[in-house]
Amino acid sequence: MKKIERGMAFVAKNLALFRCPVCHRPFLKVEHQSVFCSNKHNFDFGRKGTLYLVNHGLKSDYDDDKLWAARRILQQAGLFKPIVAQIGDNLPIEKPLKILDIGCGEGSTLHLLEQQRHQQDDALVGFDISKRALNRATQLETAAFFCVADLARLPFQTASFDVLLDLFSPSAYEEFERVLKSSGHLFKIVPNSEYLQELRHSLYVKEDPRHNYNNEKVVTLFKKNYPQGNVQRIKYEFPLNKALFENLMYMTPLHWGATQAQINESLRKGLDKITIDVSLLSAKKE
């Protein structure tokens with residue numbers, strides 16, 4: 001089956017998940033390589049089976065092939081595998097779930113969770129504003145569906161998802177609450193102070209604010225929205241070789257503020273490991 005046919009089949013089977021980004025009415029049918037809402041707005045499937053579900057322009061600083069290629073390499077090497085495993089261990093296995101990956105990037109996180117839950121018939125949806133990221137996501141052997149969407153105006157029906165994943169992406173809690181089912185779960189990953197600290201210290205001097213990171217504002221906002229939510233620290237070291245370190249350099253925006261000379265010097269010195277230090281913020285909708 002071609003990618004466009006797989007995308008059309010997924011949306012046709014899961015029409016109840018989606019709504020029109022123009023009028024917020026339900027989608028009624030998939031026909032002639034397009035999906036139509038009850039007000040006859042239509043959106044065309046791309047060749048790779050994706051949908052562009054926004055009605056305004058979107059710009060992303062992350063629309064960079066080199067960044068997403070590097071992130072795919074690190075993901076396949078297992079950089080975030082313990083994080084995804086921890087999330088997967090918190091998901092029920094007695095029934096299929098409808099899972100939304102917010103800011104899914106090149107799709108590896110959702111694909112890894114899919115592999116972890118390989119016996120489940122989950123409906124998996126990932127969205128991002130980067131078309132380049134989604135192009136890479138559709139290269140994966142996955143049953144997940146990918147689309148371009150706006151975090152602040154999600155093109156999904158109210159109370160449609162059992163699980164929301166938000167790994168290193170911004171949050172729009174009002175929209176999260178809207179699309180999450182009653183008793184649904186939100187899992188959000190935010191960096192802690194030691195996240196990628198070796199790379200930070202390699203690029204920036206102590207006096208530079210980028211030398212350290214503080215997640216206090218992000219965690220405080222989460223707790224404000226979910227006073228009963230849980231905060232769990234996940235920390236480990238990931239081994240690097242020369243090639244992995246170079247890809248690590250370019251998979252994050254950390255290097256954006258550095259000069260080319262700083263980047264070159266950091267790459268020359270190299271790193272043999274990197275610290276992954278994050279908080280898993282989790283909450284259940286009441």
Side-chain angles (χ1 to χ4, degrees), residues 60-88 103-113 115-116 128 130 132-133 136-137 139-140 165-170 187-219 231-281:
S60 171
D61 293 333
Y62 291 82
D63 213 20
D64 179 348
D65 270 334
K66 187 173 185 177
L67 181 149
W68 296 118
R71 192 163 296 190
R72 170 67 55 81
I73 290 170
L74 266 299
Q75 285 270 44
Q76 290 180 335
L79 181 66
F80 295 143
K81 190 172 182 179
I83 296 174
V84 179
Q86 186 62 53
I87 294 173
C104 66
E106 44 72 52
S108 291
T109 297
L110 194 57
H111 184 44
L112 190 58
L113 186 63
Q115 292 175 319
Q116 187 176 341
D128 206 282
S130 170
R132 294 180 187 272
R136 289 193 174 272
Q139 296 170 6
L140 296 166
L165 307 177
D166 180 354
L167 277 70
F168 305 106
S169 292
F187 297 96
K188 180 174 177 63
I189 293 291
V190 299
N192 289 333
S193 60
E194 295 180 42
Y195 180 69
L196 304 186
Q197 63 178 353
E198 296 88 350
L199 178 58
R200 292 178 184 277
H201 297 170
S202 176
L203 287 172
Y204 303 110
V205 298
K206 288 184 179 180
E207 293 74 22
D208 194 302
R210 290 163 296 194
H211 188 270
N212 297 301
Y213 176 76
N214 187 314
N215 67 11
E216 184 179 353
K217 289 183 179 179
V218 179
V219 175
V231 180
Q232 176 186 354
R233 190 176 190 181
I234 303 173
K235 184 181 178 184
Y236 55 92
E237 292 183 344
F238 185 80
L240 298 171
N241 56 32
K242 183 178 180 181
L244 285 177
F245 175 49
E246 182 171 349
N247 280 286
L248 179 77
M249 176 71 73
Y250 292 110
M251 69 157 265
T252 84
L254 276 179
H255 71 283
W256 289 353
T259 66
Q260 191 59 52
Q262 289 171 313
I263 293 171
N264 291 342
E265 179 63 12
S266 180
L267 290 173
R268 186 190 66 79
K269 291 180 179 178
L271 289 175
D272 60 6
K273 65 179 177 64
I274 194 72
T275 300
I276 302 300
D277 178 23
V278 302
S279 284
L280 170 57
L281 314 180

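Below, all heavy atoms of this structure are taken into account, side chains as well, without hydrogens, waters or symmetry copies.
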Strictly distance-based, threshold 3.5 Å: is any side-chain N or O of [X] a donor or acceptor partner for the main-chain N or O of [Y]?
{"X": "Y213", "Y": "L196", "answer": "no"}
{"X": "N215", "Y": "V218", "answer": "no"}
{"X": "T275", "Y": "D277", "answer": "no"}
{"X": "R71", "Y": "G105", "answer": "no"}
{"X": "K206", "Y": "H201", "answer": "no"}

Do [X] and [Y] come within less than 4.5 Å of each other through their side chains, counting heavy atoms only?
{"X": "Q86", "Y": "I83", "answer": "no"}
{"X": "I189", "Y": "I87", "answer": "yes"}
{"X": "L79", "Y": "M251", "answer": "yes"}
{"X": "D64", "Y": "Y250", "answer": "no"}
{"X": "Q139", "Y": "R72", "answer": "yes"}
{"X": "V84", "Y": "Q116", "answer": "yes"}
{"X": "R268", "Y": "E265", "answer": "yes"}

side-chain contact (heavy atoms from CB on, under 4.5 Å) between L267 and E246, intermediate numbers included: CA-CA 7 Å; L267 290 173; E246 182 171 349; 4.2 Å; yes
Identify the heavy atoms of [X] and [Y] that sit nearest to each other, and give their distance.
{"X": "C104", "Y": "D128", "answer": "N-OD2, 3.4 Å"}
{"X": "Q262", "Y": "T259", "answer": "OE1-N, 2.7 Å"}
{"X": "W68", "Y": "A133", "answer": "CE2-CB, 3.4 Å"}
{"X": "S266", "Y": "L203", "answer": "CB-CD2, 3.9 Å"}
{"X": "I263", "Y": "H255", "answer": "CD1-O, 3.9 Å"}
{"X": "V205", "Y": "H211", "answer": "O-CB, 3.2 Å"}

What's the separation between atom [atom1] in [X] and atom [atom2] in [Y], rounded to the nearest 0.5 Å?
{"X": "I73", "Y": "N247", "atom1": "CD1", "atom2": "CG", "value": "4.0 Å"}
{"X": "Q197", "Y": "I276", "atom1": "CD", "atom2": "CD1", "value": "10.5 Å"}
{"X": "L244", "Y": "M249", "atom1": "CG", "atom2": "CE", "value": "13.5 Å"}
{"X": "R200", "Y": "L254", "atom1": "CZ", "atom2": "CG", "value": "4.5 Å"}
{"X": "N192", "Y": "L280", "atom1": "CG", "atom2": "CG", "value": "10.5 Å"}

Can [X] and [Y] be counted as an ion pair, charged N to O under 4.0 angstrom?
{"X": "R233", "Y": "E194", "value": "yes"}
{"X": "D208", "Y": "R210", "value": "yes"}
{"X": "E237", "Y": "K273", "value": "yes"}

With F245, which of L74, D272, L271 fulfils side-chain contact (heavy atoms from CB on, under 4.5 Å)?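 Of the listed residues L74, D272, L271, the side-chain contact (heavy atoms from CB on, under 4.5 Å) partner of F245 is L271.
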So F80 and Y195, would you call those rings parallel, tilted or perpendicular, with 30° and 60° as cut-offs?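 Geometry flag for Y195 against F80: parallel rings.
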Are a donor atom and an acceptor atom from the side chains of Q76 and S108 found within less than 3.5 Å of each other?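 No - no donor-acceptor pair under 3.5 Å links their side chains.
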